[in-house]
Asks: 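Can you read through this structure? Questions will come right after.
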Amino acid sequence: MTSQNETDKTDETWSLETRAVTAGRPPAAPDAPMNTPIVPASTFHAGGDWGYAREGSPTTAALEDALGDLEQGTAVVFSSGMAAANAVMDLLPLGAHVVAPSAAYTGVAVRLRELAEIGRIRLTIVDVDDTNAVRDAATGADLLWLESPTNPLLQVADLAACIQSAQESGSLVLVDNTFATPILQQPLTLGADLVLHSVTKALSGHSDVLLGAVIAGDPERAEQIRRRRVLLGAAPSAFDCYLALRGMRTLALRVERAQHSAQVIAPQLASHPAVSRVRYPGWGTLASIELAGGAPAADLLCERVRLWVHATSLGGVESLLERRRRWPLESDTVPENLVRLSFGIESTDDLWSDLSTALDELPAG
Ligand SMILES: *Cc1c(COP(=O)(O)O)cnc(C)c1O
């Protein structure tokens with residue numbers, strides 16, 4: 001059974017900011033609820049649109065409607081971003097040639113390497129900000145897996161150019177759009193076939209759920225992806241989908257505020273003596289800094305901040321920071337002294353005051 005779209009169609013001429021508020025609502029009618037209810041059912045009485053919750057359910061479908069609307073495709077929601085990523089990998093034929101970023105999200109990079117090691121796929125690694133290298137590698141590949149900006153090095157791909165040349169050679173293109181969010185970039189409108197999201201991050205925005213999604217431009221491809229969810233079993237819970245939808249209503253506001261803080265604070269970081277390098281593409285809600293005092297200084301910074309929260313993940317209302325190499329699986333292309341900053345929605349002044357106080361106390365390089 002396919003998921004039924006029971007919700008109001010929002011107007012496609014409306015801006016993304018507006019559609020983040022209007023998408024995925026129940027049809028307007030007297031006494032109809034404003035929000036899609038949480039439907040905590042694994043099974044449904046036969047004879048209607050719903051059968052079994054692994055295939056879909058009303059709350060899950062409402063989130064899928066909203067995500068599909070924002071990314072302009074057909075969305076399938078999974079129990080985590082990694083579950084969504086694995087569903088795409090599972091579609092690859094044996095021996096498929098996959099081109100992937102040198103510093104993709106850790107879980108994705110490790111999983112692709114595992115698949116290459118057992119001979120399931122052939123893997124070519126590229127720097128996504130080297131457009132010619134991406135174009136050369138993607139010629140004749142089965143799948144070009146892009147992430148932009150990358151986590152945590154914040155390399156930016158020329159998405160339009162990479163997507164166009166990959167498709168001219170018949171390669172499928174996936175873009176992990178977790179960092180940019182659909183507010184800042186919509187890869188399907190640039191011709192990508194698939195968009196991946198860790199909905200856990202900015203889309204949900206409150207650090208209280210794990211969810212993922214794949215959005216496909218072609219509804220038939222979305223159906224193949226949905227079948228992976230049905231058969232592999234990584235179905236999301238109705239409660240989590242409800243929380244994600246609730247969070248998504250404020251996505252545009254949260255991204256605007258976080259991006260503002262990043263824009264103000266990144267240049268101040270660049271001129272601080274304790275910081276040897278700032279990686280910040282000039283937009284978006286994340287930045288990474290390298291500490292002149294090496295990994296020990298990076299650890300001290302994470303310990304000494306008071307407002308910034310020392311924790312992994314990103315895209316929440318609270319500003320988070322961490323030294324990425326504290327994770328054993330993180331790529332060694334990520335410097336030991338790199339601290340990733342995820343800007344939240346607190347006051348820009350308070351965020352800078354907290355960071356700069358902690359940085360001032362660090363030994364200079
Ligand atoms: C977090 C993240 C993922 C994985 O998502 P989970 O929801 O943690 O499984 C994938 N890609 C990027 C860019 C991420 O930041």
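Counting starts at 1 for both ligands and their atoms, following the listed order. No experiment lies behind these values; they were computed from the predicted model shown.
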Asks: Do any N/O atoms on Gly81 end up under 3.5 angstrom from N/O atoms on ligand 1?
Replies: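 Yes - when backbone and side-chain N and O of Gly81 are compared with those of ligand 1, one distance drops under 3.5 Å.
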
Asks: Could you check atom 4 (C) of ligand 1 against the protein and tell me its nearest heavy-atom contact, residue, atom and distance included?
Replies: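 For this ligand atom, the closest protein heavy atom is Tyr105 CE2, 3.4 Å.
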
Asks: Identify the protein heavy atom lying closest to atom 5 (O) of ligand 1, giving its residue, its atom name and the separation to 0.1 Å.
Replies: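 In this structure, atom 5 (O) of ligand 1 has Ser198 OG, 3.0 Å as its nearest protein heavy atom.
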
Asks: Scan side-chain atoms only and decide if Thr285 and Arg254 contain a donor-acceptor pair under the 3.5 Å cut-off.
Replies: no

Asks: Does a salt bridge link Glu290 with Arg279, judged by any charged N lying under 4.0 Å from a carboxylate O?
Replies: yes

Asks: What residue and heavy atom of the protein are closest to atom 1 (C) of ligand 1, and at what distance?
Replies: Lys201 NZ, 1.4 Å

Asks: So, are Arg325 and Glu330 salt-bridged, with charged N and O less than 4.0 Å apart?
Replies: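 No.
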
Asks: Measure the distance from atom 9 (O) of ligand 1 to every protein heavy atom, then report the residue, atom name and distance (to 0.1 Å) of the closest one.
Replies: Met82 N, 2.8 Å

Asks: Heavy-atom contact under 4.0 Å between Val108 and ligand 1?
Replies: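 Val108: no contact with ligand 1 (<4.0 Å).
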
Asks: Say whether, by atom type as modelled, one donor and one acceptor occur between the side chain of Glu71 and the main chain of Leu188 under 3.5 angstrom.
Replies: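 Not a single qualifying donor-acceptor pair exists.
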
Asks: Counting non-hydrogen protein atoms only, what is the nearest one to atom 7 (O) of ligand 1? Give residue, atom name and distance.
Replies: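 Answer, as residue, atom name and distance: Thr200 OG1, 2.7 Å.
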
Asks: Looking only at protein heavy atoms, which one is nearest to atom 11 (N) of ligand 1, and how far off is it?
Replies: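 Protein heavy atom with the smallest distance to atom 11 (N) of ligand 1: Asp176 OD2, 2.7 Å.
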
Asks: For the residue pair Trp352 and His272, categorise the inter-ring angle as parallel (less than 30°), tilted (30 to 60°) or perpendicular (more than 60°).
Replies: perpendicular

Asks: Pairing donors with acceptors under 3.5 angstrom, does anything connect the side chains of Gln224 and Glu220?
Replies: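 On atom types as modelled, these side chains do not qualify, holding no pair under 3.5 Å.
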
Asks: Do Asp176 and Thr178 get their side chains close enough for a donor-acceptor pair, meaning under 3.5 Å?
Replies: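 There is such a pair (donor and acceptor under 3.5 Å, judged by atom type) between the side chains of Asp176 and Thr178.
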
Asks: Which of these, Thr139, Ile163, Asp158, Val126, sits in a side-chain contact (heavy atoms from CB on, under 4.5 Å) with Val134?
Replies: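 Going through the options one by one, the only one that passes is Val126.
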
Asks: Would you call Val199 a ligand 1 contact, heavy-atom distance under 4.0 Å?
Replies: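 No.
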
Asks: For ligand 1, which atoms sit closer than 4.0 Å to a heavy atom of Ser80?
Replies: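 The list of qualifying atoms is 7 (O), 9 (O).
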
Asks: Quick one: which ligand 1 atoms are inside 4.0 Å of a heavy atom on Leu211?
Replies: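 Here the atoms of ligand 1 in question are 7 (O).
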
